[in-house]
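One-based numbering, in listed order, for ligands and for the atoms of each.
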Amino acid sequence: MPFAIAIDGPAAAGKGTIARAVAAHFQCPHLDTGLLYRAVGRKMMDGIDPIEAAVTLSEDDLARDDLRTADVAQAASKVAVIAEVRAALLDFQRAFAARTGGAVLDGRDIGTVICPDAPAKLFVTASAEARAKRRYDELIERGQDASLDQVLAEVKERDDRDMNRADAPLRPADDAIHLDTTELSIEEAVAKAIELIEAKRG
Ligand code: CDP
């Protein structure tokens with residue numbers, strides 16, 4: 001049976017970094033599912049209907065280099081509320097998760113909706129302040145304009161929208177292991193995640 005690893009959590013909790021390192025460790029492919037919603041959000045900003053954008057999403061859309069901005073993150077969480085958008089992205093994510101040899105997926109609903117049978121599920125959290133500071137540093141490093149207060153407000157707004165939507169809201173699966181990274185360095189968080197998954201793998 002392929003070993004799917006589900007990694008969920010709120011905005012900028014370190015899911016992406018952890019998921020990439022976990023995938024490298026277990027030598028399996030990684031899917032950043034947030035990128036799918038970002039690509040749809042970006043197309044909505046370009047004036048395209050989000051459902052149409054989700055149904056026709058292509059590799060080129062995912063390869064755009066303008067998906068990691070604060071505006072696109074907000075647009076992503078707005079299109080992520082639309083049930084038809086989520087439905088259009090479901091099969092691709094499930095097929096990725098079922099790959100022979102396993103896969104790591106990170107997002108908001110991987111453990112609850114996309115891979116409810118995944119044998120290893122992590123729910124990665126950190127304080128809103130720690131998450132905002134990490135995202136702020138990332139944006140500055142990429143040369144984007146940002147203020148820490150605004151990033152914090154946007155992270156909270158997005159979490160609120162993600163947790164309170166009707167379809168596939170952000171919440172830990174009942175069998176998810178919680179990992180709070182507030183006080184952890186990247187290396188410590190990655191090591192802890194691998195240790196927890198190894199223990200689940202048996
Ligand atoms: O990197 P960050 O945690 O800031 O966000 P992301 O993972 O790129 O996701 C962007 C937005 O896409 C989230 O705020 C969610 O609204 C949405 N999303 C979702 O609804 N379901 C997923 N599986 C992944 C992302």
Asks: Please state which protein non-hydrogen atom is closest to atom 8 (O) of ligand 1 and give its distance, to 0.1 Å?
Replies: R38 NE, 2.6 Å
Asks: With no hydrogens and no angle check, is any side-chain donor or acceptor of N164 less than 3.5 Å from a backbone partner on R161?
Replies: no
Asks: List the closest protein heavy-atom neighbour of atom 24 (C) of ligand 1: residue, atom name, distance to the nearest 0.1 Å.
Replies: T33 OG1, 3.4 Å
Asks: Quick check on the hydrophobic clustering: are L57 and I82 connected, directly or via other members, by side-chain heavy-atom contacts under 4.5 Å?
Replies: yes
Asks: Enumerate the atoms of ligand 1 whose separation from the nearest heavy atom of S77 is less than 4.0 angstrom.
Replies: 14 (O), 16 (O)
Asks: Under the salt bridge (Lys or Arg N to Asp or Glu O under 4.0 Å) test against D109, which residue among R86, R171, K121 passes?
Replies: R86
Asks: First locate atom CD1 of I197, then atom CD1 of I5, and finally report the distance between them rounded to the nearest 0.5 Å.
Replies: 4.5 Å
Asks: For ligand 1, does A12 get within less than 4.0 Å through its side chain, its backbone, both, or neither, judged by non-hydrogen atoms?
Replies: backbone
Asks: Strictly under 4.0 Å, does any heavy atom of R165 approach an atom of ligand 1?
Replies: yes
Asks: Which atoms of ligand 1 have any heavy atom of A76 under 4.0 Å away?
Replies: 10 (C), 11 (C), 12 (O)
Asks: Using a strict cut-off of 4.0 Å, indicate which atoms of ligand 1 neighbour a heavy atom of A80.
Replies: 16 (O), 17 (C), 20 (O)
Asks: Would R68 count as a polar contact of ligand 1, with the cut-off being nitrogen or oxygen pairs under 3.5 Å?
Replies: no
Asks: Could an N or O of ligand 1 be found under 3.5 Å from any N or O of K15, whether backbone or side chain?
Replies: yes
Asks: Would you call R64 and D66 a salt bridge, using N to O less than 4.0 angstrom?
Replies: yes
Asks: Mind checking the CG-CD spacing from D149 to E154? Nearest 0.5 Å is all I need.
Replies: 11.0 Å
Asks: Write out the residue and atom name of the closest protein heavy atom to atom 12 (O) of ligand 1, then the distance separating them to 0.1 Å.
Replies: Y37 CB, 3.4 Å
Asks: Can you tell me how far the CG atom of D106 sits from the CG atom of L35, to the nearest 0.5 Å?
Replies: 10.0 Å
Asks: Could you tell me the separation between the CG atom of D137 and the CG atom of L139, rounded to the nearest 0.5 Å?
Replies: 9.0 Å
Asks: Considering only heavy atoms, does R108 approach ligand 1 within less than 4.0 Å through its side chain, its backbone, both, or neither?
Replies: both
Asks: Check this for me: does any side-chain nitrogen of one of R68 and D32 sit under 4.0 Å from a carboxylate oxygen of the other?
Replies: yes
Asks: Checking a contact table here: which protein heavy atom is nearest atom 10 (C) of ligand 1, and how many Å away?
Replies: R158 NH1, 3.5 Å
Asks: Closer than 4.0 Å to some heavy atom of D162 - which atoms of ligand 1 meet that?
Replies: 13 (C), 14 (O), 15 (C), 16 (O)
Asks: Charged N to carboxylate O below 4.0 Å: is that the case for R131 and D159?
Replies: yes
Asks: Does an N or O from R86, backbone or side chain, lie closer than 3.5 Å to an N or O of ligand 1?
Replies: yes
Asks: Before accepting this row, confirm whether a basic side-chain N of the pair D46/R42 lies closer than 4.0 Å to the acidic partner's carboxylate O.
Replies: yes
Asks: Of all the non-hydrogen atoms in the protein, which one sits nearest to atom 1 (O) of ligand 1, and at what distance?
Replies: R135 NH2, 3.2 Å
Asks: By number and element, which atoms of ligand 1 are closer than 4.0 Å to a non-hydrogen atom of G34?
Replies: 6 (P), 7 (O), 8 (O), 9 (O), 24 (C), 25 (C)
Asks: For R161, state whether at least one heavy atom is located under 4.0 Å from any atom of ligand 1.
Replies: no
